[in-house]
Amino acid sequence: MSTESDERCEARREIEKLRDEIARHNYHYYVRNDPQISDAEYDRMLRRLEELESHHPDLVTPDSPTMRVSGEVEETFDPVEHSPPMLSLRAIYEEDEVRDFDRSCREILQVDRVDYVAEPKFDGLAVSLIYEDRRLVRAATRGDGHTGEDVTANVRTIRSLPLRLPHDAPRELVVRGEVYMLTEDFQRLNEQRELQGERTFANPRNAAAGSLRQLDSSVTAERPLQIILYSIAHAPGVQIERQQDIIQHLLPELRLPSPADQARLCTSADAIIEYHRELMDVRVELPYEIDGIVVKVDRLAWQQQMGTRTRDPRWAAAFKFPARGETTRVREIEVQVGRTGRLTPVAHLDPVQISGATVRRASLHNQSEIDKKDIRVGDRVLVERAGDVIPYVVRVIKEERTGEERRFRIPDSCPVCGSEAIWSDDEKSVSCPNLSCPAQLKERIRHFASRAGMDIEGIGERTADQLVEKGLAEDLADIYFLQKDDWLRLDKVGEKSAENLMRAAEESMDVPLQRFLVALGIPLVGEHVADLLARRYESLQGIMEAEEQSLLAVDGIGPGVARSIAAFFSSSGNCRVIRRLLDAGVHPRADSGDEGDRLQDVTLVFTGRLQRWTREEAAELARAQGARVTSDVSASTDYLVAGAGAGGKMQRAESMGVEVIDEERFAEMLQG
Ligand code: IVH
């Protein structure tokens, strides 16, 4: 044997060991909340693994912890057949129905007593996972119970789910459970989406479903998904007698998250009812949403004996919680101006108790929502709390209308500064475009200074708030006119920080045009549209003078966006602020100078983790040089740029004879 293959053999052994270790530590960290090593040690292991994999790309396998995000974008979800089918559950609501259920179980089984396992009914979406030879090979949604959708790439991004099981795991294993989102994570996600002008999710369940059904798994990877498993559908050779054993022993031993701490063995209908009551009481304090409990006959042999009806098993039932909603009256609808300039209609309600809190207001989100639900002032409405927290109007109780109710329309001007409001085409967003609207100034400054905008280090939320509160900034341009003494008036700002802030402001002045446009916070203009504008007009002046018609002719800009841009720059107040910014020395430059054709007509695919850039950044650089960047290797691919952890695409490239190059080589090509 040559030394080279010795080294390879050694690497393979170390890689295997690291992957097992990392899988074990993931379980302690994500599932048990009881890390066994420090973050630094964990990072070291991960880095070592990445290093080995980058030297031996052929040893990279999909179950490596470095491969959580595949980087491939799918076009559709492939169908997956479920075997056995994924059943649903009959729903029951009353205590008497629990007693009936228990009685019928005892009758069918001809026994005096049946033990049940009661578990929370997690409000997420059901998934089925297949492990073969300890590796996660497939994950699918429930679909119609017989055929689901292949969401393997997305499920793999869930950190608490092991991609490989311990050595003593069964060779074949099908487990089932629920993908869900923590209430807190759901709220944070929605806040973030609101700020970015994206549609918010109605509840954690929808957020989880929307996140799991993403064709681009790198999007899913950014979403805080959780998973919990509660049943084993297939595990040949494994001796198990009870549901209890599955959730208390088998799943935890396989390091799969299970409801071991939440489930309870109930030996009577009364015990089930008691568990249901207890969970209903603590429901609002749980970090996730549940909509009832699931009761299952504990003995698997008895489950088998009882069998299933067409769609649901005889041995289980979902004992649901009553709807948490209450009815109340809409007293008035007020329009609030959010920190981002969005006009949001808010219903003022007769105070009502829901899930332990007094609810007085509910956001109605936008005009389209008001119209869709036909909500009028004076209406009696059913109100629930999304994620058991945020109140929302479910529907109007139309039978109780008296004819006195008043239709509502969001006004065409900002209620705070009076500027003409900008409506999006779908009526889902109305914004005040005034750069100096007092309701928005703090947030506008924060956004202006953020990394996506002018990137002024040191001006975050707290600084922005103080600049406005202390009267130091009345518009964005004031930031550049502040003297050292002004900065020193801010809390916790001493000589040194004041100097740093001034320098950061100074350094931010030379800014790419695209980022300057983002910094302005023009309604409906994000990074992408800003980029289109910068490329098409090449100067701020050009954009400011562009007519709506001309804007509309830009590929990728629709009527609502064109109208918004034209309205923004037609405001004399906004133009004054922009003029002051330019007077202060802000210099937005069109970046076309860097455009080149060094990669003209070259087709590239990126895979794996690069050192210097994210794949998106690298793709952007390549495009700037005229390259075509695609998501997958095909006959027309010229080069595959492979970073650490490259896997399937690399093999495909090699088998198709496509040249594989590393990051260094790519960097050289960019330089020409
Ligand atoms: S057992 C045959 N256990 O409820 C048994 N389901 O209405 C099938 N669910 O599709 C499921 N928590 O998505 C079971 N602890 C739990 C559950 C649970 C939530 C969901 C699951 C299923 C639906 C049935």
Side-chain angles (χ1 to χ4, degrees), residues 80 82-93 97 101 105 116-129 139-149 151 155 158 174-183 203-209 211-213 225-235 240 242-248 250-252 256-266 272 275-276 278-280 283 286-321:
V80 176
H82 295 305
S83 161
M86 291 179 78
L87 302 172
S88 58
L89 294 170
R90 88 181 89 160
I92 58 180
Y93 293 90
E97 292 176 288
F101 169 68
C105 289
Y116 303 93
V117 174
E119 301 163 10
K121 187 171 187 305
F122 299 96
D123 202 4
L125 75 167
V127 287
S128 180
L129 312 179
T141 60
R142 179 170 180 279
D144 63 4
H146 293 279
T147 313
E149 290 178 320
V151 286
V155 166
I158 303 175
V174 180
V175 283
R176 299 205 169 142
E178 206 81 359
V179 169
Y180 64 101
M181 199 178 277
L182 297 178
T183 313
N203 52 48
R205 209 188 93 81
N206 287 2
S211 304
L212 199 60
R213 296 193 76 263
L225 289 177
Q226 309 283 335
I227 191 165
I228 194 148
L229 300 157
Y230 42 68
S231 80
I232 294 197
H234 180 72
I240 7 166
R242 297 166 181 275
Q243 171 68 9
Q244 272 284 82
D245 297 333
I246 293 179
I247 55 182
Q248 301 297 345
L250 191 55
L251 293 171
L256 292 165
S258 83
D261 300 330
Q262 297 97 322
R264 183 180 301 169
L265 187 72
C266 297
I272 296 171
Y275 176 77
H276 182 261
E278 280 177 32
L279 272 198
M280 198 146 60
R283 179 183 189 188
L286 294 178
Y288 42 80
E289 283 213 328
I290 61 175
D291 58 344
I293 64 169
V294 179
V295 187
K296 305 170 184 177
V297 168
D298 185 31
R299 260 177 204 274
L300 304 185
W302 284 0
Q303 292 186 0
Q304 197 113 56
Q305 192 181 332
M306 292 180 77
T308 61
R309 307 188 294 185
T310 347
R311 293 180 38 240
D312 41 38
R314 289 196 186 84
W315 47 266
F319 185 11
K320 306 264 283 221
F321 293 143

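Counting starts at 1 for both ligands and their atoms, in listed order. It should be emphasised that the depicted structure is a prediction, and the values quoted were computed from it without experimental measurement.
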Asks: Look at Asp312 together with Arg309 and state whether they make a salt bridge at an N to O cut-off of under 4.0 Å.
Replies: yes
Asks: I need the nearest protein heavy-atom contact for atom 4 (O) of ligand 1: residue, atom name and distance, please.
Replies: Lys121 NZ, 3.2 Å
Asks: Using a 4.0 Å heavy-atom threshold (strictly under), name the region of Lys296 that reaches ligand 1: side chain, backbone, both or neither.
Replies: side chain
Asks: Starting from atom 2 (C) of ligand 1, which protein heavy atom do you reach first, and at what distance in Å?
Replies: Pro313 CG, 3.4 Å
Asks: By number and element, which atoms of ligand 1 are closer than 4.0 Å to a non-hydrogen atom of Ala126?
Replies: 10 (O), 13 (O)
Asks: Do you know which two heavy atoms are closest between Arg314 and Phe101, and how far apart they sit?
Replies: O-CE1, 3.6 Å
Asks: In the protein, what heavy atom is nearest to atom 5 (C) of ligand 1, and what distance, to one decimal place, separates them?
Replies: Leu89 CD2, 3.7 Å
Asks: Do Leu265 and Tyr116 come close enough that some side-chain heavy atom pair is under 4.5 Å?
Replies: no
Asks: In terms of the angle between their ring planes, are His276 and Phe319 parallel, tilted or perpendicular, with boundaries placed at 30° and 60°?
Replies: parallel
Asks: Side chain, backbone, both or neither: which applies to Ala91 and ligand 1 if a contact is any heavy-atom pair less than 4.0 Å apart?
Replies: neither
Asks: Report yes or no: does a heavy atom of Arg176 sit under 4.0 Å from some atom of ligand 1?
Replies: no
Asks: With only distance considered, is Leu125 within less than 3.5 Å of ligand 1 through an N or O on each side?
Replies: no
Asks: Return the closest protein heavy atom for atom 13 (O) of ligand 1 as residue, atom name and distance.
Replies: Glu178 OE1, 2.7 Å
Asks: Which protein non-hydrogen atom lies closest to atom 22 (C) of ligand 1, naming both residue and atom, and how far is it?
Replies: Tyr230 OH, 4.3 Å
Asks: Let's go through Glu119 and Lys296 carefully: what are the C-alpha distance in whole Å and the side-chain angles of both, what is the deciding distance for salt bridge (Lys or Arg N to Asp or Glu O under 4.0 Å) to 0.1 Å, and is it a yes or a no?
Replies: CA-CA 8 Å; Glu119 301 163 10; Lys296 305 170 184 177; 2.9 Å; yes
Asks: Considering heavy atoms of the protein only, find what lies nearest to atom 12 (N) of ligand 1 and give residue, atom and distance to 0.1 Å.
Replies: Phe122 N, 3.0 Å
Asks: So Pro84 and Arg176, do their side chains get closer than 4.5 Å, heavy atoms only?
Replies: yes
Asks: Run the side chain to side chain donor-acceptor pair (under 3.5 Å) check on Tyr180 and Glu289 step by step: do they pass?
Replies: CA-CA 9 Å; Tyr180 64 101; Glu289 283 213 328; over 6 Å; no
Asks: Would you call Gly124 a ligand 1 contact, heavy-atom distance under 4.0 Å?
Replies: no
Asks: Does the side chain of Leu256 reach to within under 4.5 Å of the side chain of Ile228, using non-hydrogen atoms?
Replies: no
Asks: Does Ala316 have a non-hydrogen atom less than 4.0 Å from ligand 1?
Replies: no
Asks: In the protein, what heavy atom is nearest to atom 15 (N) of ligand 1, and what distance, to one decimal place, separates them?
Replies: Glu119 OE1, 2.7 Å
Asks: What's the spacing between Leu125 CG and Leu212 CG if we round to 0.5 Å?
Replies: 5.5 Å
